[in-house]
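Notes follow once the structure below has been shown.
Numbered from 1 within each chain, the chains take letters A, B, ... in sequence-line order. Quick caveat, the model's predicted, so the values are computed rather than measured.
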Amino acid sequence: MTDGRDVVRDPERLAEIARLGLTSQEVDEVLQQTVEEAARALELPIGLVTIVLDEAQLFAAHHGLTGWMAQSRGTPVEWSFCAHAVESGQPFVVEDAETHPLVRHMPVVELDNVRCYAGIPLVTSTGHRLGTLCVIGHEPRAFAEQELDVLRGLAEKAVQRIEARRKEN
Amino acid sequence: MPGAPPHTVRGYQLSPPTEQDALTFLARALGADRAATLWMRTCRETGVRAGALSLDELERVVQALAKEEGPAGVVGSSLAIRLRSYRLLAAARGTEGKEGR
């Protein structure tokens, strides 16, 4: 049985990320539109497509990020909410990061004011979990199932776009 | 690690990646032998001496590694993000701590 960190570090998953060209510095226009749409639909300041690498997460597209995270285009993996969605293969929802047992210890909660989060795993046709489509806010917030459905639809769109790279490459 | 800043970022407790980190992460993805061979080759092609890299030199090697095909390139990208995060946060917040990691 593999634990969550084994999933994140799985060389086959990393090879899939490489095959899809997901570490490129270029921002895909469709993914960019998708994160903007996600943030707008859920009325939250930040929308991201993240790719969870072995020891960091990369922001393949981002909307609303400022400061060091926008400049670095990623964070160490131990500060990644999205890694939890990749590990479990399920949506990961945090209504209040200051009280959530899996994330409350992360410095980005206190120092970067990440307070609420909803992320849908991006799963390829080969079954690999790449990262998430997610939204982030600076105030505690509940997420309705209907809102998660909106994110699921946008995540599906993001995966289709990402999979198209396989055909292009 | 000679030349590597030993401190962690104030508040975030983030240390910069080291050569040993790079070798560990590469070995997990490629196996120890291939990892060591790739690391030595990348250092040589970057014009630096493995085992004694400054942070600037490590950054150059990591950037070269990120251009590799397959999982090695992903590991390189991962290290590059960790290093970039460290540098941005260290510049903004300062560092603290004692020698060594």
Task: Geometric class of the Trp79(A)/Tyr12(B) ring pair [parallel <30°, tilted 30-60°, perpendicular >60°] - done: tilted
TODO: Mind checking ring-ring contact (aromatic ring centres under 6.0 Å, His included) for Phe81(A) and listing every partner two or more places apart, or none if nothing turns up?
DONE: Tyr117(A)
Taking only distance into account, with no hydrogens and no angle test, what donor-acceptor pairs under 3.5 Å do side-chain atoms of residues 57-66 of chain A form with protein atoms, sequence neighbours excluded?
| residue | atom | partner | partner atom | Å |
| --- | --- | --- | --- | --- |
| Gln57(A) | OE1 | Ser80(A) | OG | 2.9 |
| Gln57(A) | NE2 | Thr75(A) | OG1 | 3.0 |

Task: Most chain B-contacting option - heavy-atom pairs closer than 4.5 Å, from Glu12(A), Glu78(A), Glu110(A), Met69(A) - done: Glu78(A)
Task: Over 12 foreign heavy atoms within 6.0 Å of CD, Glu29(A) - done: no
Task: Single-linkage hydrophobic cluster Val123(A)~Leu148(A), side-chain heavy atoms < 4.5 angstrom - done: no
- [ ] Could you tell me whether Gln146(A) atom CD has more than 12 heavy atoms of other residues or ligands within 6.0 Å of it?
- [x] no
Task: Inter- and intrachain pairs under salt bridge (charged side-chain N to carboxylate O under 4.0 Å, His left out), touching residues 122-138 of chain A, at least two apart - done: none
TODO: Check for a donor-acceptor pair, side chain of Arg82(B) on one end and backbone N or O of Pro76(A) on the other, with a separation under 3.5 Å.
DONE: no
- [ ] Using the rule that two of Ile, Leu, Val, Met, Phe, Trp, Tyr join whenever any of their side-chain heavy atoms come within less than 4.5 Å, decide whether Leu102(A) and Met106(A) are in one cluster.
- [x] yes
Open item on the list: At under 4.5 Å between heavy atoms, what parts of residues 65-81 of chain B are in contact with chain A? List them by residue number.
Closed with: Gly70(B), Pro71(B), Val74(B), Val75(B), Ser77(B), Ser78(B), Ile81(B)
Open item on the list: For a 4.5 angstrom cut-off between non-hydrogen side-chain atoms, does Leu111(A) reach Arg93(B)?
Closed with: yes
- [ ] To the nearest 0.5 angstrom, please state how far the CZ atom of Arg73(A) sits from the CG atom of Leu88(B).
- [x] 13.0 Å
Task: Neighbour count >12 (heavy atoms, 6.0 Å) for atom CZ, Arg34(B) - done: no
